[in-house]
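Following: one structure in structure tokens, then a few remarks.
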Number of protein chains: 2
Amino acid sequence: MAVKMKDIADDLGISLVTVSKALRNHPDISLKTRERVAARVQELGYRPNLAARSLVTGRSMLVGFVVPDLMHPFFADVAKGLSAVLREKGYFVIISSSEEDPELECKEIEHMMAHRLDALVVASSQSSAEALAPIQQSGTPLILLDRYFDNFEAHFVGSDDYNAGKIATEHLIEIGCKRIAHIQGPDTSPGSRRLKGFLDTMRKHGLEVPPEYIIKAGSGDVEGDEHGIQALRTLQSLKRPPDGIFCFNDVIASGVILEAVAQGIDVPKTLAVIGCGNLHSNRLIRVPLSSVDQRSNEIGRRAAKLILDIVQAPEGTKPAGTKRVVLQGGLVVRASTDRGGISSRPGKKIGKG
Amino acid sequence: MAVKMKDIADDLGISLVTVSKALRNHPDISLKTRERVAARVQELGYRPNLAARSLVTGRSMLVGFVVPDLMHPFFADVAKGLSAVLREKGYFVIISSSEEDPELECKEIEHMMAHRLDALVVASSQSSAEALAPIQQSGTPLILLDRYFDNFEAHFVGSDDYNAGKIATEHLIEIGCKRIAHIQGPDTSPGSRRLKGFLDTMRKHGLEVPPEYIIKAGSGDVEGDEHGIQALRTLQSLKRPPDGIFCFNDVIASGVILEAVAQGIDVPKTLAVIGCGNLHSNRLIRVPLSSVDQRSNEIGRRAAKLILDIVQAPEGTKPAGTKRVVLQGGLVVRASTDRGGISSRPGKKIGKG
DNA sequence: TTGAAAGCGTTACCAT
DNA sequence: ATGGTAACGCTTTCAA
């Protein structure tokens with residue numbers, strides 16, 4: 001049906017092999033022949049068959065990327081960074097959304113792997129690395145993104161979530177908050193690291209964290225902002241509601257602000273709110289939201305570079321162990337924590353980020 | 001390197017062909033043999049090589065989806081719907097973002113096509129269909145999504161943009177707006193259709209639209225909400241600023257609201273604002289935004305079904321012409337147009353959608 | 001119920 | 001500088 005190399009070769013009265021080489025700019029082939037081939041390729045609308053090429057080279061030029069939620073701007077932005085860098089080298093990123101469902105994630109990975117990926121990037125919603133081990137053993141380079149597992153050696157690219165928790169908490173303390181609550185994320189590494197950063201910082205400053213100040217956002221079904229709404233209701237029903245909240249992410253924080261406004265609570269005076277991720281929409285919401293920037297696009301780009309390092313490494317150089325790329329974010333202050341004090345540089349990013 | 005059928009066959013002392021058939025549940029093979037094969041597959045961690053399969057079957061089980069911007073929630077949601085339906089039938093969607101750059105779009109399509117897609121879905125940022133014609137000629141089913149071209153016959157799935165413009169405009173008129181402006185989108189079909197729906201409706205109601213009330217949002221570089229901010233500044237500098245604005249999309253509308261709040265303009269009393277797309281974030285912004293819902297997820301699902309119809313059609317049945325699937329949206333009223341009148345059902349969706 | 005042989009479109013190797 | 005041949009892993013066709 002489609003045009004193939006043989007057609008071009010016959011057309012030009014040369015061998016198929018010559019065409020193959022000409023197409024890949026093999027130095028063997030004379031300039032004149034290469035031009036003749038190029039011309040016919042244009043005319044006939046020839047496209048190389050990557051499946052066939054992949055079969056013989058053993059490289060698919062395909063990189064898989066499994067995300068928990070394509071709709072989440074963080075992962076969409078990571079995907080853009082990842083694709084942009086890999087595209088330049090001829091790689092194609094195929095994306096799959098697991099909808100935060102560990103079982104679906106496994107199925108999707110299995111399906112992806114059948115395409116003989118040259119590398120697989122996973123922001124896993126698994127609670128353990130069990131399901132990922134077979135991949136690593138299969139020899140396909142595996143890069144964990146955003147979320148890692150203890151006791152599982154693998155490449156990792158993500159943010160310093162412990163430090164993000166610390167930065168956010170210190171900011172709240174700096175603007176005068178004394179009773180700070182945390183709305184926890186899922187049981188993945190960013191969730192527990194941000195929590196730990198929060199707790200350690202509070203302890204360091206001699207501030208108490210009553211257990212009811214740690215709210216576990218329900219998982220799965222409900223939208224993130226709905227978690228925030230529910231969490232604030234719970235917190236406000238306490239005898240002593242908090243005067244500051246560090247939320248696992250910006251979507252939850254948006255819900256908190258939505259509910260706070262509905263309850264007539266003054267943000268940031270009565271209640272300061274900070275999120276994490278620094279989504280672009282943060283400046284549009286009712287009370288523009290302070291956040292810790294995560295450099296999502298850069299995370300994607302770094303993952304891409306790591307992959308290129310791995311796949312382009314000479315044969316012998318492979319077993320160099322696993323690599324961890326941990327990016328530092330930075331504080332972005334907006335109205336939700338702007339009490340007019342020393343840190344009030346609205347919308348200005350502070351720190352290394 | 002990796003496990004292949006031959007390994008399983010040798011292992012079991014049967015032929016490679018038997019394994020192949022067993023794996024695909026071919027009725028030829030006895031249950032006992034199939035079970036033995038299945039067991040070994042598990043043990044050895046065999047994965048079929050789809051590139052090899054594709055080479056012989058001529059079907060890649062890959063569907064391409066080219067979007068102008070992966071970060072845009074509309075396309076992310078379409079992608080989710082598309083993937084969800086196709087995944088059930090064993091198809092995989094590979095997504096590529098053109099960043100609204102027609103040239104990059106061509107390159108990406110070319111690259112995708114080399115993977116021998118079974119179908120290609122494109123929300124094109126081209127201004128003409130020129131670049132898409134070769135694809136159609138190649139025999140790969142082409143589905144235009146969201147954006148179509150005049151004088152180019154192709155399958156299409158999208159919203160009724162003319163009607164969206166009409167619905168939004170009639171709503172503004174209904175709540176009492178007299179001087180209604182429109183912030184235009186890019187020069188693609190949704191942009192011109194929504195504009196036409198707006199103009200026709202205004203004329204029908206005997207309302208004037210001075211030329212300076214049609215603002216062309218700049219293209220490309222800048223973020224959409226920035227367009228909205230600039231556009232409102234321009235409109236407010238007029239002798240008679242509008243009392244209602246219909247924005248091409250919700251992101252532009254968000255910018256308008258942001259700037260209106262900054263200027264101390266009362267939304268919706270002094271200025272009513274409505275967008276299009278009904279993004280989930282609309283309820284979170286400063287003044288919750290009214291919009292015309294686009295049923296983005298459903299658009300994706302319908303595109304998937306159309307593809308399945310095409311690829312699963314028996315050989316002879318192919319040349320059935322092109323199909324157009326046009327979905328109707330519905331009005332969603334929120335605070336940005338809620339003047340306490342008859343249409344004030346906040347956050348409630350009205351209409352067929 | 002099973003299997004041998006041919007072939008899918010390409011690249012790698014070695015010869016010319 | 002050019003080309004013949006084998007191989008990549010699988011499915012299809014046909015024969016046993």
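Labels below follow one simple rule: chain letters A, B, ... track the order of the sequence lines, proteins then strands, and each chain is numbered from 1.
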Candidates D:dG9, D:dG3, D:dT2 - which lies nearest the side chain of A:T33
D:dT2
Under 4.0 Å, counting only non-hydrogen atoms across every strand here, what does B:I14 touch: a base, just sugar-phosphate, or nothing?
sugar-phosphate
Using a cut-off of 4.0 Å on non-hydrogen atoms, how would the nucleic acid contact of B:N49 be classed: base, sugar-phosphate, or nothing?
sugar-phosphate
OP1, OP2 of D:dT12 versus side-chain N and O of B:S20: anything below 4.0 Å?
no
May I ask you to evaluate whether A:R53 reaches the phosphate of C:dG9, defined as a side-chain N or O under 4.0 Å from OP1 or OP2?
no
Minimum side-chain heavy-atom gap A:I299-A:D146 below 4.5 Å:
no
Under a 4.0 Å N-O cut-off, is there an ion pair linking B:K6 with B:D10?
yes
Can a cation-pi geometry be assigned to A:R59 and A:Y91, taking NZ or CZ under 6.0 Å from the six-membered ring centre and within 45° of the ring axis?
no
Check whether any side-chain nitrogen or oxygen of A:T18 sits under 4.0 Å from OP1 or OP2 of D:dG3, and answer yes or no.
yes
OP1 or OP2 of D:dC10 under 4.0 Å from side-chain N/O of B:R59
no
Separation of C:dA12 atom P from A:M5 atom CE, nearest Å, is 10 Å
Please state how far atom CG in A:L55 lies from atom P in D:dC10, giving the value in whole angstrom units.
9 Å
Using side-chain heavy atoms (C-beta onward) and a distance below 4.5 Å, is A:K80 in contact with B:D69?
yes
Hey, does the side chain of A:R116 come within less than 4.0 Å of D:dC10's phosphate (OP1/OP2), counting only N and O?
no
On the nucleotide C:dC8, are OP1 or OP2 found under 4.0 Å from the side-chain N or O atoms that B:S54 carries?
no
Pairwise 5' ranking along DNA chain D for A:K21 and B:A51, keeping only the more 5' one
A:K21
